[in-house]
Every structure is written in C-alpha cells, then in structure tokens.
Amino acid sequence: MKKIIIAIDGYSSSGKSTMARDLARRIGYVYVDSGAMYRAVTLYAIRHGIADTDSGVDTETLVRSLPEIGISFTPAGADGTQHTLLNGEDVEKEIRDMKVSSLVSPVAVIPEVRHRLTAIQQEYGRDKGIVMDGRDIGTTVFPDAEMKVFVNASAEERARRRVKELTEKGEKVTYEEVLENIKERDHIDTTRKESPLRKADDAVLLDNDNMTIPQQMDWLLRLYEDRSR
Ligand code: DC
C-alpha cells in the first residue's frame with residue numbers, strides 16, 4: 001500500500017475532525033486539524049487586543065504580528081488526541097470556546113493569514129501519510145491529494161452536536177446561539193474571496209446526517225483501501 005494524502009473538508013461541526021482523527025489513528029497516519037491553526041491565530045489576536053466581538057479584527061496589526069505567532073501540536077496521545085500549542089503554550093481548551101468561534105471566520109478571510117497557514121500545512125504533508133481536515137484542504141492546500149472527502153450535515157444537526165459537545169465541557173450555551181454561529185460561519189466560509197469552502201470536483205461527498213460513527217469509519221476505510229492500492 002502506498003502512502004497517500006487524505007483531505008477531509010466540510011462545514012463547521014460536521015464531525016469531520018473526529019472522523020479525520022479516528023481514521024489517522026486506525027491507519028497509523030499523522031493527523032492535522034487545520035481549523036485549530038486558524039483558531040490559535042484568532043486567540044492570539046483576541047489576547048493582544050487585535051480582535052474583539054465589538055470592533056472586529058484589526059487586519060493590518062494582525063498581518064504585522066504573523067511572524068510572532070508560532071503554532072504547533074503535541075504528539076498524538078493513545079486516543080489520537082493532540083493539543084494545539086500557541087508559542088509553546090497549550091491552548092487546546094481555549095481555542096474551542098465561543099469567543100474564538102465567533103471571531104475565527106473573519107480572521108480566516110485574511111489572505112496573508114491563509115498563505116502563512118497553507119505553507120505550514122503543505123510542509124506537514126511533504127512525506128504524505130497524513131490526514132488533514134479543514135475547508136480548503138482538497139482545493140488549495142493539497143489539490144493533488146489522492147483521497148478527498150467532503151462532509152456535509154444539516155445546520156440543525158450540526159448545532160445539536162455542538163451544543164452537546166460544549167455542554168459536556170461545562171460551557172453554558174443555547175441551541176439558538178450555536179445555530180446562529182454555525183449559519184454565520186457557513187456564510188462567511190463559503191462566500192469569502194480567498195479559498196472559499198467548496199467541494200473539490202474530485203472529492204467524494206459524505207452526507208452524515210443519518211450515519212453512525214462506526215458506519216462513517218467503515219465508509220472511510222473502504223475508500224482509503226481503494227485509493228492507497
Ligand atoms: O474546523 P473549525 O470549525 O475548527 O474551523 C474554524 C474556522 O477556521 C472555520 O470557521 C473556518 C476556518 N478554517 C478555514 O478557513 N480553513 C481551514 N482549512 C480550516 C478552518
């Protein structure tokens with residue numbers, strides 16, 4: 001079997017990160033959560049007063065600060081989970097909160113931010129044997145990936161999953177605010193000029209509204225076996 005690049009793109013909270021991480025662990029590949037990288041840049045911007053919910057994002061200052069933003073990951077633990085590091089600090093929990101979620105899409109529209117993160121992501125894929133999930137992995141980061149999956153689920157189903165996930169972590173959120181955030185991010189992600197979220201022509205569509213996690217894994221493993229032959 002040859003080593004390949006697996007690109008998993010899709011809407012926010014479509015379950016693509018869990019599926020990409022589990023797949024990487026099953027087949028012994030490296031997993032990279034590209035959304036976590038955009039979230040870490042956003043957290044940096046919030047902490048340095050460059051982004052806030054009232055005034056939005058100060059693009060010029062953020063672009064100037066990019067060389068000072070170091071993003072890396074801890075090695076995967078036994079369950080496949082990795083933690084995101086911002087200049088060496090573990091920020092895994094903080095990058096998932098609602099404040100970061102509400103500012104990450106405006107940060108992710110900035111071309112300089114995208115170029116910098118795309119270059120780091122391409123470097124991760126140099127030796128193949130990688131599963132990366134995001135919005136533009138099959139279209140921009142790895143247009144030649146041997147396996148591309150585009151994941152979709154309804155906004156309502158995604159909001160239900162996200163509320164469950166945040167509530168389990170102890171965050172107090174309502175279904176309505178989460179649904180609104182998801183719809184807003186869908187809109188920004190699909191309509192931005194630079195690398196908008198869209199299905200690559202050669203990506204396989206996975207509609208997972210009515211699929212269990214084991215069913216999705218079987219589906220992915222079959223596709224992987226086919227593409228790596
Ligand atoms: O997958 P996620 O929800 O953690 O991603 C957070 C945000 O980052 C998402 O709203 C859009 C942006 N993103 C992106 O623009 N390109 C990627 N490859 C990954 C994420």
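Heavy-atom basis, side chains included; hydrogens, waters and symmetry copies ignored. As the structure lists them, so they are numbered: ligands from 1, and atoms in each ligand from 1.
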Out of curiosity, is Arg192 lining ligand 1, as in a heavy atom under 4.0 Å away? yes
Indicate, as side chain, backbone, both or neither, the part of Arg135 found under 4.0 angstrom from ligand 1 when only non-hydrogen atoms are considered. both
side-chain hydrogen bond (donor to acceptor under 3.5 Å, both in side chains) assessment of Gln82 paired with Thr74: CA-CA 5 Å; Gln82 281 163 288; Thr74 58; over 6 Å; no
Looking only at heavy atoms, is any part of Met37 under 4.0 Å from ligand 1, and if so is it the side chain, the backbone, or both, or is it neither? neither
For ligand 1, the portion of Leu117 having any non-hydrogen atom under 4.0 Å away: neither
Sub-4.0 Å heavy-atom approach of Arg114 to ligand 1: yes
Sub-3.5 Å donor-acceptor pair from the side chain of Arg39 to the main-chain atoms of Ile95, do we have one? yes
Checking salt bridge (charged side-chain N to carboxylate O under 4.0 Å, His left out) against Asp136, which of Lys199, Arg114, Arg198 comes through? Arg114
Electrostatic pair Lys183:Asp186 at N-O distance under 4.0 angstrom: no
Looking only at heavy atoms, which two atoms of Gln216 and Met211 are closest? And how far apart? NE2-O, 3.7 Å
So which heavy atom in the protein is nearest atom 19 (C) of ligand 1, and how far is it from that ligand atom? Ser34 OG, 3.3 Å
The atoms of ligand 1 lying under 4.0 Å from a heavy atom of Ser105, numbered in the order shown, are 10 (O)
